Amino acid sequence: MDESEGKRCSCHTPCVRAYSPDAHRLETRMGTWFLWLPWGHGPGPLREILEGTPGADRVSRKLCAALPEVTGVFIPKAPQGHPLAFRSLSSGFELFCLRTSEGSFILTDFFRDALACLPPGEKRLDLAGIADYLLAQCPLDERTLVPGITRLPSGTCWEWAKPGLPPRQSVIESLGDLLGEGPPPSVEEALSSVLEPLRDKPGLALLFSGGIDSALLASYLGNRTEALTALAAPAELAFEHGIAREGARCLGLRNCREIAFREESFLGDLASAVERAALPVPCPNFQALFNESFFCSSHAAYCSGDMADSLFGYRHVELGQAEESEWDGILGELFPEGGLLRELGTKGLFSGARAAVEFLGPDVVSERLRSRHRLMAEQVGDLSGFPGHFDVEREWGHLAWVLCSPYWRHYFRQQATSFGKSLACPFAQRDVMKAALALPLEARSPKGKPLKSLLREILDRKSTLLNSSHEWISRM
């Protein structure tokens, strides 16, 4: 789908280029809508919102509230209308923007396409993008690895209010909006509502490791959904093969296909993964390399347990308890003004991120962390209506993983798009995010219990219903 075909882009109206199989185009009286919807969701039921709601901004907000995740673009028919792009807080569909040498704007859902459209003289790396990768392995705000390409952060929108000028960015959905809508579902109810439409659905494969996340997904999807398991060659990873096989047996999965990976193919798989998406692979992470083989299968879509760690596997620190940090000794140089920024600015970063300061210098790193802090404050929004339950300062690092740094959003779906495939991530869907973050931290990640104990309890109940053994769950 390419809106730029057959017409010339203008300074006022951006061209839209869509490569994801989850992109849909709809014509309405107001104009043309491009919507990226999760696999299994079609645009048909959205007609009432699109046709019956005045104003593209109001339509976009309604779509954010009505869908598990959505990214969209509106191109108006009337010359006085303003083009608009938006992305819900839970959306993993990326949207990139660049300006051509003629001054027109191009919007695309595929980073490699954005690079191809960029004028040759602008294809260079940005220090800010390199810093982001070293700090969080994905962009921290609207900037990317290339200075001529920007991206739409989750929970924000772009509006082209004046011809020839870059779009104005604002928040369209915050965590405060999400939690303030009304009583949240339980995590179990949310998972059921997200996964039931995918149960035993043809064309879907589950990426299955036998761990808590993928086992829980399998318990909802049904034993007829094909599971794909990676068998890594190194002997030290052999125990994972046993976990996957035992999990498949206990869950009664009828079709679990094992795909072997050899150490000698590592560099080739790595080069292929980078070339396809034109993005650096999140490291240390083998999932991108496994996906190079998984996505070659005949399935149309793949279900992944990504985001379960971010939502339910957070290790919190007691208030008032000192936490040793690799940033100790340099916080004063990064944030000389002190205050809240010094306390929270380095929370939620990858281990070893401190090396970015030695490589790029404190000024570059400080600017990127300040920019992340500003965006996160907008994404979190007003949580004053949730007193005694949500301690933002205590959970800032956690929220950074959920809202700002989930690398699956930026990389794995781009990788799936390069194969023409869909990637479903139920734990990242709106209702699951809402159900999880509506819980106090102690309920979501209890102290003194194994990581993801809440998901373990749900899986334990599901295993009872499936008449499967509970012992394998305790060994995970």
Side-chain angles (χ1 to χ4, degrees), residues 1 18-25 34-46 67-72 88 90-95 109-111 190-209 211 213-230 244 248 251 253-259 273 276-277 287-308 406-433:
M1 182 194 306
Y19 288 80
S20 168
D22 299 309
H24 307 266
R25 175 177 171 170
F34 297 87
L35 299 176
W36 286 261
L37 308 175
W39 190 76
H41 290 258
L46 305 177
L67 292 161
E69 59 172 325
V70 60
T71 294
S88 67
S90 59
S91 178
F93 293 108
E94 291 274 6
L95 193 64
D109 61 358
F110 191 30
F111 186 74
L191 285 170
S192 180
S193 67
V194 167
L195 288 162
E196 187 58 37
L198 304 181
R199 183 178 178 85
D200 294 326
K201 194 173 180 66
L204 179 68
L206 171 64
L207 305 183
F208 185 75
S209 67
D213 313 336
S214 61
L216 185 55
L217 294 179
S219 71
Y220 281 98
L221 290 174
N223 59 12
R224 286 182 289 181
T225 298
E226 183 172 8
L228 303 179
T229 296
L251 289 165
L253 301 184
R254 299 180 184 178
N255 192 356
C256 188
R257 194 197 327 171
E258 298 178 345
I259 300 178
R276 279 184 171 277
Q287 185 175 338
L289 306 187
F290 295 157
N291 288 346
E292 283 296 299
S293 293
F294 290 154
F295 293 163
C296 286
S297 70
S298 60
H299 302 90
Y302 302 83
C303 187
S304 170
D306 288 301
M307 279 289 279
Y407 52 74
W408 77 266
R409 291 183 176 189
H410 188 65
Y411 186 83
F412 296 140
R413 210 169 238 170
Q414 289 288 295
Q415 188 181 19
T417 296
S418 74
F419 283 88
K421 303 298 179 72
S422 299
L423 184 65
C425 297
F427 288 110
Q429 302 294 274
R430 193 173 198 271
D431 280 353
V432 180
M433 180 186 292

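Residues take their numbers from the sequence shown, with the count starting at 1. Not measured: the values here are computed from a predicted model.
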request  = Mind checking side chain to side chain donor-acceptor pair (under 3.5 Å) for S422 and listing every partner two or more places apart, or none if nothing turns up?
outcome  =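 Checked S422 against side chain to side chain donor-acceptor pair (under 3.5 Å); matches are D22.
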ask   = Between the side chains of D306 and Q287, is a donor N or O closer than 3.5 angstrom to an acceptor N or O?
value =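 Short answer, yes.
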Do the non-hydrogen side-chain atoms of [X] and [Y] ever get within less than 4.5 Å of each other?
| X | Y | answer |
| --- | --- | --- |
| L37 | V70 | yes |
| T229 | I259 | no |
| S297 | L228 | yes |
| V432 | P426 | no |
| L221 | D200 | no |
| F427 | S304 | no |

query = How would you list, by chain and number, every residue that makes a ring-ring contact (aromatic ring centres under 6.0 Å, His included) with Y411, sequence neighbours excluded?
reply =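 Not a single residue meets the ring-ring contact (aromatic ring centres under 6.0 Å, His included) criterion with Y411.
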query = Partners of F295 by ring-ring contact (aromatic ring centres under 6.0 Å, His included), sequence neighbours excluded?
reply =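 Expected list: Y302, F419.
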Measuring from [X]:[atom1] to [Y]:[atom2], what's the distance to the nearest 0.5 Å?
| X | Y | atom1 | atom2 | answer |
| --- | --- | --- | --- | --- |
| C303 | L217 | SG | CG | 4.5 Å |
| L204 | L206 | CG | CG | 7.5 Å |
| L195 | L216 | CG | CG | 8.0 Å |
| H299 | F294 | NE2 | CZ | 11.0 Å |
| S90 | R409 | OG | CZ | 7.0 Å |
| M433 | D431 | CE | CG | 11.0 Å |

inquiry  = Using the salt bridge (Lys or Arg N to Asp or Glu O under 4.0 Å) criterion, which residues pair with R413? Sequence neighbours excluded.
reply    =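 So R413 forms a salt bridge (Lys or Arg N to Asp or Glu O under 4.0 Å) with E69.
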Taking the side chain from [X] and the backbone from [Y], do they hold a donor-acceptor pair closer than 3.5 Å?
| X | Y | value |
| --- | --- | --- |
| E226 | C256 | no |
| K201 | G40 | no |
| T417 | S20 | no |
| D109 | E94 | no |

Looking at every heavy atom in both [X] and [Y], which two are closest together, and how far apart are they?
| X | Y | value |
| --- | --- | --- |
| P197 | S193 | CD-O, 3.2 Å |
| Q415 | N291 | OE1-ND2, 3.2 Å |
| T71 | S91 | OG1-OG, 2.7 Å |
| A416 | L423 | CB-CB, 4.1 Å |
| H410 | Q414 | O-CG, 3.1 Å |
| W36 | A18 | CZ2-CB, 3.8 Å |

key: Those residues that, when tested against S214, pass side chain to side chain contact (heavy atoms under 4.5 Å, CB included) (two or more places apart)   =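 Here the qualifying residues are F208, S209.
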query = In chain order, what residues pass the side chain to side chain contact (heavy atoms under 4.5 Å, CB included) check against P68, with sequence neighbours excluded?
reply =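 Here the qualifying residues are P38, H41, Q429.
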ask   = Do R276 and E292 sit within salt-bridge range, that is, some charged N less than 4.0 Å from a carboxylate O?
value =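 E292 and R276: salt-bridged.
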